[in-house]
Amino acid sequence: MNELDLSNRTVLVTGSARGVGRELLLATAARGAETAVHYHTSADAAREVADAARERGAADAMTVQGDVTDPESVDGIFAAVEAELGSVDVLVNNVGDFAPEHWAELDFETWNRVLETNLNGTYLCSKRALPAMREGDYGRIVNVGYASSEKGMVNPTNFPYFVAKAGVLMFTRMLAADTQDDGITVNAISPYVVENSDEFPEELPRDRPASFEDLINPLLFFLDPDSEYISGENVEVDGGWLPETV
């Protein structure tokens with residue numbers, strides 16, 4: 001995977017001005033991809049990431065602004081990338097707000113924002129990316145989920161996030177089936193606690209959070225040409241976390 005060559009691929013990572021999205025994008029830049037740094041409000045941070053992408057070896061890098069929950073804005077994101085870098089070959093759906101509060105204390109706007117950024121954003125960006133991927137008989141979509149959400153795990157705190165991430169994984173499986181004859185794979189990476197998380201539980205699997213590198217490795221695996229038969233899968237990057245014991 002360290003020898004993975006993405007020099008002929010255009011990569012768009014949503015929410016890549018900071019955090020996990022930034023690191024995933026820079027990992028593709030280091031393998032020669034043309035990279036699009038997406039942001040909503042963090043313009044300065046996005047420009048810094050684009051500069052870092054060029055330094056890491058990206059064939060080209062640009063920034064692109066937009067709201068992934070708005071269909072017209074999503075169309076504008078992709079149109080801008082297509083005009084400068086060409087059609088998107090690799091889409092990483094990373095955007096997804098969370099709200100670590102009791103569900104009854106969330107206002108309706110926050111409830112909707114969590115659902116829309118996680119699930120609707122994944123749907124809208126994937127839908128917009130697919131026509132060009134199908135036409136080119138190649139595409140890689142990687143969605144960011146959450147560990148154990150496939151198991152129906154819920155909690156009164158952060159409830160809409162769990163619902164949205166369960167939907168993301170259902171969407172991943174559905175889209176994999178719907179694209180199986182198109183040269184496209186659709187997979188998911190689902191972390192538990194990551195090194196840049198805002199909150200850490202008292203006990204962590206293996207006594208540490210997931211590193212960025214722990215998330216980069218499955219991404220590169222999904223992008224490797226030898227993984228072209230693997231679609232509809234979800235890799236949980238959780239260190240062996242067993243939520244049933246909590």
Side-chain angles (χ1 to χ4, degrees), residues 1-17 20-39 46-66 68 74-95 122 124-144 172 175-176 178-189 212-213 215-233 235:
M1 288 184 294
N2 290 331
E3 303 302 321
L4 179 63
D5 182 8
L6 296 174
S7 58
N8 61 337
R9 302 301 183 191
T10 297
V11 177
L12 168 62
V13 180
T14 66
S16 46
V20 169
R22 176 186 189 275
E23 300 305 318
L24 295 180
L25 180 131
L26 290 178
T28 68
R31 286 147 182 91
E34 294 186 301
T35 55
V37 183
H38 163 260
Y39 69 97
R47 283 191 289 270
E48 292 176 4
V49 176
D51 290 340
R54 296 184 190 97
E55 293 173 1
R56 298 279 183 96
D60 200 352
M62 65 175 290
T63 63
V64 59
Q65 190 275 340
V68 300
V74 168
D75 186 58
I77 292 169
F78 278 82
V81 176
E82 289 162 352
E84 187 163 336
L85 303 179
S87 60
V88 173
D89 300 301
V90 176
L91 168 65
V92 180
N93 286 306
N94 168 69
V95 166
T122 296
L124 287 171
C125 290
S126 299
K127 184 179 180 181
R128 179 58 176 79
L130 279 174
M133 289 182 175
R134 283 189 163 116
E135 183 177 351
D137 196 34
Y138 177 90
R140 298 290 180 267
I141 296 176
V142 180
N143 301 322
V144 176
T172 299
L175 197 58
D178 196 44
T179 57
Q180 60 184 287
D181 299 322
D182 301 322
I184 298 166
T185 66
V186 187
N187 293 288
I189 300 169
F212 292 133
E213 196 67 25
L215 301 180
I216 290 168
N217 287 331
L219 172 67
L220 299 181
F221 172 75
F222 287 139
L223 301 187
D224 194 292
D226 290 339
S227 301
E228 65 178 0
Y229 198 72
I230 298 173
S231 193
E233 296 304 315
V235 174

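Only heavy atoms go into these numbers, but all of them, side chains included; no hydrogens, no water, no symmetry mates.
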When you compare the side chain of [Y] with that of [X], does any pair of heavy atoms fall below 4.5 Å?
{"X": "L220", "Y": "R31", "result": "yes"}
{"X": "I230", "Y": "F221", "result": "yes"}
{"X": "F222", "Y": "I189", "result": "yes"}
{"X": "N94", "Y": "H38", "result": "no"}
{"X": "V11", "Y": "D89", "result": "no"}

To the nearest 0.5 Å, tell me how far [X] [atom1] sits from [Y] [atom2].
{"X": "F212", "Y": "N217", "atom1": "CZ", "atom2": "CG", "result": "14.0 Å"}
{"X": "E23", "Y": "I216", "atom1": "CD", "atom2": "CD1", "result": "6.0 Å"}
{"X": "R9", "Y": "L4", "atom1": "CZ", "atom2": "CG", "result": "10.0 Å"}

Please report the shortest heavy-atom distance between [X] and [Y], naming the atom on each side.
{"X": "V64", "Y": "A80", "value": "CG2-CB, 3.9 Å"}
{"X": "S126", "Y": "L175", "value": "CB-CD2, 3.9 Å"}
{"X": "A50", "Y": "T63", "value": "CB-CG2, 3.9 Å"}
{"X": "C125", "Y": "V68", "value": "SG-CG1, 3.9 Å"}
{"X": "A53", "Y": "A61", "value": "CB-CB, 4.1 Å"}
{"X": "S7", "Y": "D5", "value": "OG-OD1, 2.7 Å"}

Notebook entry, point to check: Does the pair L130 and T179 meet the rule for a side-chain contact (heavy atoms from CB on, under 4.5 Å), with working shown?
Noted result: CA-CA 9 Å; L130 279 174; T179 57; 3.9 Å; yes

inquiry  = For R140, give me all partners under side-chain contact (heavy atoms from CB on, under 4.5 Å), at least two apart in sequence or on another chain.
reply    =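 Partners of R140 under the side-chain contact (heavy atoms from CB on, under 4.5 Å) test: V90, Y138, T185, L223, E228.
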
Margin query: Any carboxylate oxygen within less than 4.0 angstrom of a Lys/Arg side-chain nitrogen, looking at D178 and R134?
Written below: yes

**Prompt:** Between E48 and R22, is there a side-chain N and carboxylate O pair less than 4.0 Å apart?
**Reply:**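 No, this pair does not count.
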
So if I apply the side chain to side chain contact (heavy atoms under 4.5 Å, CB included) rule between T10 and each of T28, V81, D60, L91, which one comes out positive?
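Running side chain to side chain contact (heavy atoms under 4.5 Å, CB included) over T28, V81, D60, L91 with T10 returns exactly one hit, V81.
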
Consider side chain to side chain contact (heavy atoms under 4.5 Å, CB included). Of N93, L25, V144, V74, which one does T14 pass it with?
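The passing option is N93.
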
query = Would you find a donor on one side and an acceptor on the other, under 3.5 Å apart, between the side chain of D224 and the backbone of D226?
reply = yes

ask   = Any sub-3.5 Å donor-acceptor pair from D182's side-chain atoms to D137's backbone N or O?
value =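 Not confirmed, D182 side chain does not pair with D137 backbone.
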
Open item on the list: A quick test of your reading: do over 12 heavy atoms of other residues, nucleotides or ligands sit less than 6.0 Å from CD of E82?
Closed with: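 Buried by this count: over 12 neighbours within 6.0 Å.
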
Exercise. Have N143 and T172 got a donor and an acceptor in their side chains that come within less than 3.5 Å?
Worked result: yes

(message) Using side-chain contact (heavy atoms from CB on, under 4.5 Å), reason through T35 and V13 one step at a time and then give a plain yes or no.
(response) CA-CA 8 Å; T35 55; V13 180; over 6 Å; no

- Test log, rule side-chain contact (heavy atoms from CB on, under 4.5 Å), inputs V37 and M62: CA-CA 6 Å; V37 183; M62 65 175 290; over 6 Å; no

